[in-house]
Amino acid sequence: MASKRRRLSRSGEFDRVYRDGSSHATRYLVLYTFPRRDEGSEDVRLGVSVSRKVGGAVERNRVKRALREAFWGLSEQLPERHDFVVVARSEITDLIDREGSPGLTGSLEEALAGASPGGRST
RNA sequence: UGGGCGGGCCGAGCGGACCGCGGGGGGAGAGAAAACCCCUCGAGGAAAGUCCGGACACCACAGGGCAGGGCGGUGGGUAACGCCCACCCGGGGAAACCCGCGGGAAAGUGCCACAGAAAUACACGGCCGAUGGCGCGGCCACACGUGAGUCGCGUACAGGCAAAGGUGAAAAGGUGCGGUAAGAGCGCACCGGCGUCGCGGUGACGCGGCGGCCAGGCAAACCCCGCCCGGUGCAAGGCCAAGCAGGACCAUCGACCCGGCUCGGCGAGGUCCAGGUAGGCCGCAUAGAUAGAUGGCCGCUCAAGACAGGAUCCGGCUUAUAGGCCCGCUAACGGA
């Protein structure tokens, strides 16, 4: 598990993933992937971005929680030593209300399948 | 009892030897950390809007005057407030109660649309023969057609009037009687308002006596009066670490700064360009993060859960809010 420390914490780290990583979008979210080469740790790290367009503070926290839980539920399928950023789109609340966490997991798998195979940069 | 009015409170609950999250402590481990196990604490009535008031921090001291801003019935409460409580006044209601940006309009300036004659000033249409003038007539006087006398009738030229009419949110108190040529607070009675005196009240104010009719509204128009206010806000601010490359100009003959101006003060750096960093700790809390912690699932109950999540901390206000509970008051209406 150990999800709690595997987070991106600096805006610079987010910028690096946005700038140098690859991305794949679905209807409900955008997944950015960035393979780290220079650091010793083999951990997978995750950042979550939920803008105000999604809702108020309560709604945004709910979305973040659900995204983290669904993401780490897929930890078996994740490549080592990668940084991920999940950006929620405003339609994501419809998905959570309608299908719950299975729907989120499905959407994340779809994005992973589109983004990860090459692990290519730029 | 339904209804009405006021106030207060809750705002899903319980269970699961379930799966998870943030802080702290401990165990084991150990160079240090992470992984592992245990214990403990962990959002709201509004945490919100950021609208007031403080604390705190920096601006060298945080000073005076002007300018500027805020507040505004009275008395208390408070660290303070634009908040709270009680009371007063005005308006509404049958009552309980509710409503109120509630100082001053006889300090001055300004504004009062449309309509209307006229909006602090007036006379459109009007009224008036008491007065002067003019006209006619009678009487009177005489130098016999005049008048300087006197009386009557007519006339709105001079003059007097603002009551009734129309307009308007508002037209120089209202109603009645007297009064007059017509009228008018011109006089009187009552009411309203103003002033003054007495009494009651800490006070706003109330009650009563007396006086004279002079006083339109707007101060969320300028203004006047009283009280209050230095600025910026935790991205305040303090410390540590890392890193680069200097140059130009101004400045102890006083720069820069002290929100504006000025008085006054301070006393050694300041401004611009280029270059380099943009990491950690404190501030920061017996919840305390720094991409930001309270959820998921299952069962039952009420009966179907609304608005909604801390970010320096307190005291208020305002706004959002499904449903429910409790207390007190009132007695119009419906029922008995």
Side-chain angles (χ1 to χ4, degrees):
Chain A
M1 281 305 137
S3 64
K4 60 181 174 182
R5 277 160 212 85
R6 311 280 168 76
R7 290 182 183 178
L8 300 185
S9 58
R10 291 291 146 200
S11 59
E13 295 173 333
F14 276 78
D15 290 343
R16 185 175 62 180
V17 176
Y18 289 140
R19 195 174 57 245
D20 300 330
S22 56
S23 68
H24 190 264
T26 74
R27 178 173 160 76
Y28 305 107
L29 52 85
V30 182
L31 180 72
Y32 289 84
T33 308
F34 173 69
R36 301 197 312 278
R37 299 197 182 79
D38 45 276
E39 293 160 40
S41 169
E42 298 186 352
D43 292 335
V44 173
R45 300 192 304 175
L46 172 67
V48 176
S49 175
V50 181
S51 78
R52 285 189 186 277
K53 278 187 258 181
V54 175
V58 173
E59 190 66 18
R60 293 166 67 205
N61 279 339
R62 189 166 78 99
V63 169
K64 286 183 196 173
R65 264 194 312 270
L67 277 174
R68 283 204 198 92
E69 191 169 329
F71 182 85
W72 294 115
L74 297 171
S75 55
E76 307 284 312
Q77 310 173 28
L78 300 175
E80 288 183 346
R81 210 182 288 184
H82 275 59
D83 286 347
F84 292 91
V85 171
V86 176
V87 178
R89 316 181 84 167
S90 55
E91 292 83 1
I92 200 166
T93 54
D94 300 334
L95 178 69
I96 294 174
D97 290 340
R98 202 171 55 244
E99 299 179 33
S101 49
L104 266 188
T105 303
S107 190
L108 270 174
E109 279 180 317
E110 182 190 342
L112 265 176
S116 65
R120 60 196 174 274
S121 58
T122 315

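Just so it is clear, the values below take in all heavy atoms, side chains as well, and ignore hydrogens, waters and symmetry mates.
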Please state how far atom [atom1] in [X] lies from atom [atom2] in [N], giving the value in whole angstrom units.
X        : N       : atom1 : atom2 : answer
A:Ile96  : B:rG295 : CD1   : C1'   : 12 Å
A:Asp83  : B:rA291 : CG    : P     : 15 Å
A:Glu69  : B:rG295 : CD    : P     : 13 Å
A:Lys64  : B:rU294 : NZ    : P     : 11 Å
A:Leu104 : B:rG295 : CG    : C1'   : 14 Å
A:Leu67  : B:rA293 : CG    : P     : 13 Å
A:Arg68  : B:rG296 : CZ    : P     : 15 Å

Watson-Crick or G-U wobble partner of [N], both distances under 3.5 Å:
N       : result
B:rC227 : B:rG70
B:rC114 : none
B:rG328 : B:rC5
B:rA184 : none
B:rU131 : B:rA158
B:rU202 : none
B:rA251 : none
B:rC300 : B:rG13

Would you call [N] syn or anti, using the 90° rule around 0?
N       : answer
B:rA245 : anti
B:rG44  : anti
B:rG6   : anti
B:rA43  : syn
B:rU252 : syn

Tell me, do [X] and [Y] make a side-chain contact under 4.5 Å, heavy atoms counted?
X       : Y       : value
A:Ser49 : A:Tyr32 : no
A:Leu46 : A:Trp72 : yes
A:Val30 : A:Tyr18 : no

### Task
Report the residues that fulfil ring-ring contact (aromatic ring centres under 6.0 Å, His included) with A:Phe71, sequence neighbours left out, ordered by chain and then residue number.
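Once residues adjacent in sequence are excluded, the partners of A:Phe71 under the ring-ring contact (aromatic ring centres under 6.0 Å, His included) criterion are A:Phe84.
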If the [atom1] atom of [N] is compared with that of [M], how far apart are they to the nearest Å?
N       : M       : atom1 : result
B:rC21  : B:rA320 : C1'   : 29 Å
B:rU312 : B:rA33  : P     : 31 Å
B:rG305 : B:rG11  : C1'   : 9 Å
B:rG15  : B:rU50  : C1'   : 42 Å
B:rC71  : B:rA80  : C1'   : 14 Å
B:rG328 : B:rC81  : C1'   : 32 Å
B:rC89  : B:rU180 : C1'   : 44 Å
B:rC197 : B:rG179 : C1'   : 34 Å

[X] to [Y] - nearest heavy-atom pair and separation:
X        : Y       : answer
A:Arg60  : A:Gly55 : CD-O, 3.2 Å
A:Phe14  : A:Gly47 : CZ-CA, 3.7 Å
A:Leu108 : A:Leu67 : CD1-O, 4.1 Å

### Query
Salt bridge check: are A:Arg62 and A:Asp97 linked by an N-O gap of less than 4.0 Å?
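Between A:Asp97 and A:Arg62 there is a salt bridge, with a charged N closer than 4.0 Å to a carboxylate O.
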### Query
Got a donor-acceptor contact below 3.5 angstrom from the A:Arg89 side chain to the A:Thr26 backbone?
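Yes.
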Pairs under 3.5 angstrom, nitrogen or oxygen only, protein versus nucleotides 308-311 of chain B, please.
residue: B:rG309; atom: OP2; partner: A:Ala57; partner atom: N; Å: 3.4

